[in-house]
There are 2 protein chains.
Amino acid sequence: MLQMLANPAAQPAFPRVSSTTPEMRAVSLAGPLLPPRTVVFLEGLTRCPQYRVVDGCVATAQTLSDGRRQIIDLVGPGRLIGLGFGDQNRYSAETLGFTRLELVSDSMAQGERDQALSEMLARSQSLVMLLGRKTAPERVASALIDLSRQFGRPARDKRRGAITFHLYPTRGDLADWLGLTLETVSRCLTRLKKAALIDIRQGDLVTLLDPQQLAGIAAGDRSLSH
Amino acid sequence: MLQMLANPAAQPAFPRVSSTTPEMRAVSLAGPLLPPRTVVFLEGLTRCPQYRVVDGCVATAQTLSDGRRQIIDLVGPGRLIGLGFGDQNRYSAETLGFTRLELVSDSMAQGERDQALSEMLARSQSLVMLLGRKTAPERVASALIDLSRQFGRPARDKRRGAITFHLYPTRGDLADWLGLTLETVSRCLTRLKKAALIDIRQGDLVTLLDPQQLAGIAAGDRSLSH
DNA sequence: CGGAGCTTTGACACGACTCAACGTGGGTGG
DNA sequence: CCACCCACGTTGAGTCGTGTCAAAGCTCCG
């Protein structure tokens, strides 16, 4: 799977989501449409070039020697991965769904690189606050809001600005992101469903039914019944 | 206290720790030697210039609406604070001991800024791993090792490379950094003392007696008895 | 139909939090 | 100079949230 990335420069710059059948590229070996669970690069190995996520989702993660995993970020369309200093990757990156990447030149505009780094830093610091000081329901609510911003589109259902998005991470991925266990994430989602704040269909299609109240829970302003 | 920073440019560039009595500057209003618990800048306010910590220690922190505090980083000599994008501070900064700051020009070398941002990002990601996946004793051990790197000097006591340093943060500060409570931090330090891995004199002079074994605990390779 | 992977749910355990009491050291004012 | 105070630290007892372990359900797909 890694070798699919060996020659990504063959693609023209900014091959933005075309309306032409994207599945055509999946079968073509030259196409940069990666299947789920493709490892883009590995922590500790020689540093790889930078990519922009065009479509899909990439998780960046670190792993402790005994196997404990922590997801650093979930990266959606438009954002960059592989940025950093030093001669080796500080984290691994893998796709969570069918994902299209685009190579970004190492000599990108300094201002763009600066802004991307600043944004990553801000997100990392938000995650620090989440992990250090938020309860499990607050973490799950925060995660859903973040994912809706990255992957969401207004839902058919227009009540109170409901938003729907495809949930790329599994319960286990969410747990590794939020510093929880798979079971705790599942229980929190169940409680959010029972409170009629969210809806999940087909396992991975999530609708935020009341983003405002969800944001209140994420910020710790209101709590969630059992 | 804030006004002490109003005219920091009066100092020449790189006023590195001089051998002349530093207390003289403390009484002088122009001197940038700040007392403990001085707020350098506040989260949410218009963005301030950047500073380099010359001597002492600064904590950067975010606060939730209900008062929960999360320390983002403890910054020792040589490192920068105030870096970032956007028009307002994303976190507050306050001194934890007598601290000397030095103004850094906004138009610093792009390479230097890039490297500083990358380093902050790497540190933030390490904190994410600590908060998301480490136990309380592992967190405290990790913190002590980090502080020894920033503030430590080889101890008189040469056994196994013991390192001594001044502990700027209180137990409460450490708790807000490590996502724990004050009491849990205290209990972990007591256990580390009983295990003869560390020594604490006069409340704030810490010696790591066995950095190797401490690193083992920090990484989760070995555990700590009660 | 059958199996694999993911999810849900329950019972129980345990680590960290909460609440409380007490100890300690440094500073201040009578 | 001492009594007092206040901030910080330590320690204990009990609670609670989250983790652990286990079983069963669901959904997709061969």
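The shown structure was predicted, so the numbers you read here are calculated from the model rather than taken from an experiment.
Of the two residues contacting DNA chain D, namely Gln202(A) and Thr135(A), the nearest-nucleotide position lying further toward the 5' end is that of Thr135(A).
Here the side chain of Thr207(A) pairs no donor or acceptor atom with the backbone of Ile163(A) at under 3.5 angstrom.
If you measure from atom NE2 of His226(A) to atom P of dT18(D), you get 9 Å, rounded to the nearest angstrom. One interatomic measurement links the two molecules: CZ of Arg37(B) to C1' of dC6(D), which rounds to 15 Å at whole-angstrom precision. Taking atom CG on Asp204(A) and atom C1' on dC6(C), their separation rounds to 11 Å, with Å as the unit. Between Leu167(B) atom CG and dC8(D) atom P there is a gap of 14 Å when expressed in whole angstrom units. Straight-line distance from the CG atom of Leu131(A) to the P atom of dA16(C): 15 Å, rounded to whole Å. When the P atom of dT18(D) is taken as reference, atom CG of Leu189(A) falls 14 Å away, rounded to whole Å. Across the protein-nucleic acid pair, Arg191(A) atom CZ and dG17(D) atom C1' stand 10 Å apart, rounded to whole Å. Between Arg201(B) atom CZ and dG25(C) atom C1' the separation is 17 Å, expressed in whole Å.
In the displayed structure, Lys194(B) atom NZ is contacted under 6.0 Å by at most 12 heavy atoms of other residues, nucleotides or ligands. Environment of CZ in Arg68(B): crowded, with over 12 heavy atoms of neighbouring residues, nucleotides or ligands closer than 6.0 Å.
Residue Leu180(B) places its side chain closer to dC17(C) than to any other of dG9(D), dT8(C), dC17(C). Distances from the side chain of Thr190(B) to the nucleotides dA16(C), dT8(C), dT11(D) place dT11(D) closest. Side-chain atoms of Glu183(A) lie closest to dT9(C) of the nucleotides dT18(C), dT9(C), dG19(D). The side chain of Ala136(A) approaches dT18(D) more closely than any other nucleotide in the set dA13(D), dT18(D), dT8(C).
Contact annotation: Arg171(B) reaches the phosphate of dG9(D) (side-chain N/O to OP1 or OP2, under 4.0 Å). Contact between the side-chain N/O atoms of Ser186(A) and the OP1/OP2 oxygens of dT8(C) is found at a separation under 4.0 Å.
Classification of Arg37(A) and Asp173(A) as a salt-bridged pair holds, one side-chain N sitting under 4.0 Å from a carboxylate O.
Contact annotation: the side chain of Ile145(B) approaches that of Arg149(B) to within less than 4.5 Å [non-hydrogen atoms, C-beta and beyond].
Within 3.5 Å, no donor on the side chain of Arg187(A) pairs with an acceptor on the base of dG17(D), nor the reverse.
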